[in-house]
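Values in this document were obtained by computation on a predicted structure and should not be read as measured data. Sequence lines set the chain letters: A, B, ... in the order given, protein chains first and strands last, and positions in each chain run from 1.
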Amino acid sequence: MQLFVFICAGLMILTGAIGVIVRSHPVHAALSLILTLFGVAVMYVAQEAQFLAAVQVIVYAGAIVVLFLFVIMLLGVDTAEDLRIEPFKLQRKFAMLVGGGVIGLVTIAAISSRDNLALVKPLPSDAVGSVEIASHDGNIRRLARDLFSDHVLAFELTSVLLVVAVVGTVLLARRAPKSPSETTS
Amino acid sequence: MIASVAVPTTTWYLVLAAVLFGVGTVGVLVRRNPLIMLMCVELMLNAVNLTFVALAKKLGDDIGGQTTVFFVLVVAAAEVVVGLGIIVAILRRKPNATADDLAELKG
């Protein structure tokens, strides 16, 4: 069953990711991104991170992709891009080399660290089924305890970050007011 | 509990995240539309998040990985907002600009 979930979600993730980079139309790419994000949310549930799965769907699929779609449609850049144009010679090949190198290196690292990972003590919840259910319920509680005790300063700083981002975006996206000083500058 | 069937281990998740990261890298390097480049950066962030969650599960009662993913989500949201603001400002001046057209600062 876990294998089935992994294969289905993995296919969703990879199909969506390939779709993002090969679809020439930006709207199609954004919709492929949603597929990937949902696949990652399924993976989170499979990894007992229920809160993060919900946040993933709400924030990423619900807010970020909608923001992308808003920008695509409001700016009218929803014209298909000609993918045959290759501005630099060998750019595609070089990109494939870099991407393949990243995949290969990280895969080798993950596989070679498999034995070290096997030494890590297993989850205590693996032993008894009832404890497993208790830890399922405790995901949000544990996350909140960690967030508001050990990382409370970082949590408060994220609010500063969000305010700065909002103010900066308003400044960037606002049309400059027609002021008399504009003619002199 | 069926233990004989192959159960996806942490390594499987790490390899899947590596593939997702590589696909995002290729996208950033190949695509010329700045919006799609930003989407590919999102793909890479998701790959790293998947790694964090898989290792948080593997390390048992350590939930620090999930906390990190939470912060990454917040920073990714802020990054997208600022990035889209910049792209809107650029595309308003130059409609249909690609990443190659943005060479004004080149000396």
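V81(B) is not listed as a side-chain neighbour of I64(A), based on a closest heavy-atom distance of 4.5 Å or more. Considering only heavy atoms from C-beta on, V88(B) stays 4.5 Å or farther from L172(A) through its side chain. At a threshold of 4.5 Å between non-hydrogen side-chain atoms, the residues V30(B) and R92(A) count as touching. Between M43(A) and L16(B), some side-chain heavy-atom pair lies under the 4.5 Å cut-off. Side-chain contact between F71(B) and T158(A) is present, with at least one heavy-atom pair separated by less than 4.5 Å. In this structure, F155(A) and V74(B) have side chains that are not in contact, with every pair of non-hydrogen atoms separated by 4.5 Å or more.
Expressed to the nearest 0.5 Å, how far CZ of F6(A) lies from OG1 of T9(B) amounts to 8.0 Å. Atoms CG and CG, on L84(B) and L67(A) in that order, are 5.0 Å from each other to the nearest 0.5 Å. With rounding to the nearest 0.5 Å, the separation of CD1 in I36(B) from NE2 in H25(A) is 9.5 Å. For the atom pair CD1 (I90(B)) and CG (L75(A)), the distance works out to 11.0 Å, reported to the nearest 0.5 Å. Here the CG atom belonging to N139(A) is positioned 5.0 Å from the CD1 atom belonging to I63(B), to the nearest 0.5 angstrom.
Residues L73(B) and F148(A) are members of one and the same hydrophobic cluster, defined by side-chain heavy-atom contacts under 4.5 angstrom among Ile, Leu, Val, Met, Phe, Trp and Tyr. When the side chains of ILVMFWY residues are joined at heavy-atom separations under 4.5 Å, either directly or via intervening members, L11(A) and L3(A) end up in a single hydrophobic cluster. Both I87(B) and V27(A) are members of a single hydrophobic cluster when ILVMFWY side chains are connected at heavy-atom separations under 4.5 Å. With hydrophobic clusters built from ILVMFWY side chains whose heavy atoms lie under 4.5 angstrom apart, M44(B) does not share a cluster with V75(B). V152(A) and L161(A) fall into different hydrophobic clusters, defined by Ile, Leu, Val, Met, Phe, Trp and Tyr side-chain heavy atoms under 4.5 Å apart, directly or through other members.
Counting heavy-atom pairs closer than 4.5 Å to chain A, the top residue among A78(B), A17(B), G65(B) is A78(B). Of the residues considered (T51(B), V26(B), T25(B)), V26(B) shows the highest number of contacts with chain A, using heavy-atom pairs under 4.5 Å. For chain B, the option among I111(A), V102(A), D146(A) with the highest count of heavy-atom pairs below 4.5 Å is D146(A). No other option in L14(B), T11(B), V15(B) has as many heavy-atom pairs under 4.5 Å with chain A as T11(B). Of the listed residues (S32(A), G104(A), A30(A), G100(A)), the one with the most heavy-atom contacts under 4.5 Å to chain B is A30(A).
Heavy-atom distances place both the backbone and the side chain of F70(B) under 4.5 Å from chain A. The part of Y60(A) that comes within reach of chain B is its side chain, from C-beta onward, which places non-hydrogen atoms under 4.5 angstrom from that chain. Interface residue L162(A): only side-chain heavy atoms are found under 4.5 Å from chain B. For A109(A), no part lies under 4.5 angstrom from a heavy atom of chain B. For F51(A), the part sitting under 4.5 Å from any heavy atom of chain B is the side chain, from C-beta outward, and nothing else. For F68(A), the parts lying near chain B are the backbone and the side chain together; criterion is any non-hydrogen pair under 4.5 Å. In this structure, the portions of I18(A) lying under 4.5 Å from any heavy atom of chain B include both its backbone and its side chain. Residue contact with chain B, scored on non-hydrogen atoms closer than 4.5 Å, involves the side chain of V98(A) exclusively. For chain A, the nearby parts of L38(B) are the backbone and the side chain; heavy atoms of each come within less than 4.5 Å. Contact of T107(A) with chain B is made through backbone and side chain together, with heavy-atom distances under 4.5 Å. Contacts between L14(A) and chain B at a heavy-atom distance below 4.5 Å involve the side chain alone, from C-beta outward. For V28(B), no part sits under 4.5 Å from any heavy atom of chain A, backbone or side chain. Heavy atoms closer than 4.5 Å to chain B are found in both the backbone and the side chain of L143(A). Interface residue A154(A): backbone and side-chain heavy atoms are both found under 4.5 Å from chain B.
For V20(A) against C40(B), the heavy-atom pair with the smallest separation is CG1-SG, 4.0 Å. Taking all atoms of both residues into account, the shortest heavy-atom contact from N33(B) to P26(A) is ND2-CG, 3.6 Å. Contact record, I72(A) with M39(B): CD1-CE, 4.1 Å, taken as the closest heavy-atom pair. Nearest heavy atom pair, residue V53(B) against residue A49(A), reads CG1-CB, 3.9 Å. When every heavy atom of V23(B) is checked against every heavy atom of I103(A), the shortest pair comes out as N-CD1, 4.5 Å. When all heavy atoms are compared, the tightest approach of I21(A) to G27(B) is CG2-CA, 3.4 Å.
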Checklist entry - Between I13(A) and V19(B), is a side-chain contact (heavy atoms from CB on, under 4.5 Å) present by the stated rule, with each step listed? => result CA-CA 10 Å; I13(A) 289 175; V19(B) 175; over 6 Å; no

Next on the checklist: Is there a side-chain hydrogen bond (donor to acceptor under 3.5 Å, both in side chains) between N49(B) and Q56(A)? Walk through the geometry before answering.
Outcome noted: CA-CA 10 Å; N49(B) 282 351; Q56(A) 172 91 1; 5.0 Å; no

Next on the checklist: Walk me through whether T68(B) and H151(A) qualify under side-chain contact (heavy atoms from CB on, under 4.5 Å).
Outcome noted: CA-CA 10 Å; T68(B) 312; H151(A) 303 284; over 6 Å; no

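For the pair Q66(B) (side chain) and L52(A) (backbone), a donor-acceptor distance under 3.5 Å is absent.
Annotation for R92(B): atom CZ counts as buried by contact number, over 12 foreign heavy atoms lying within 6.0 Å.
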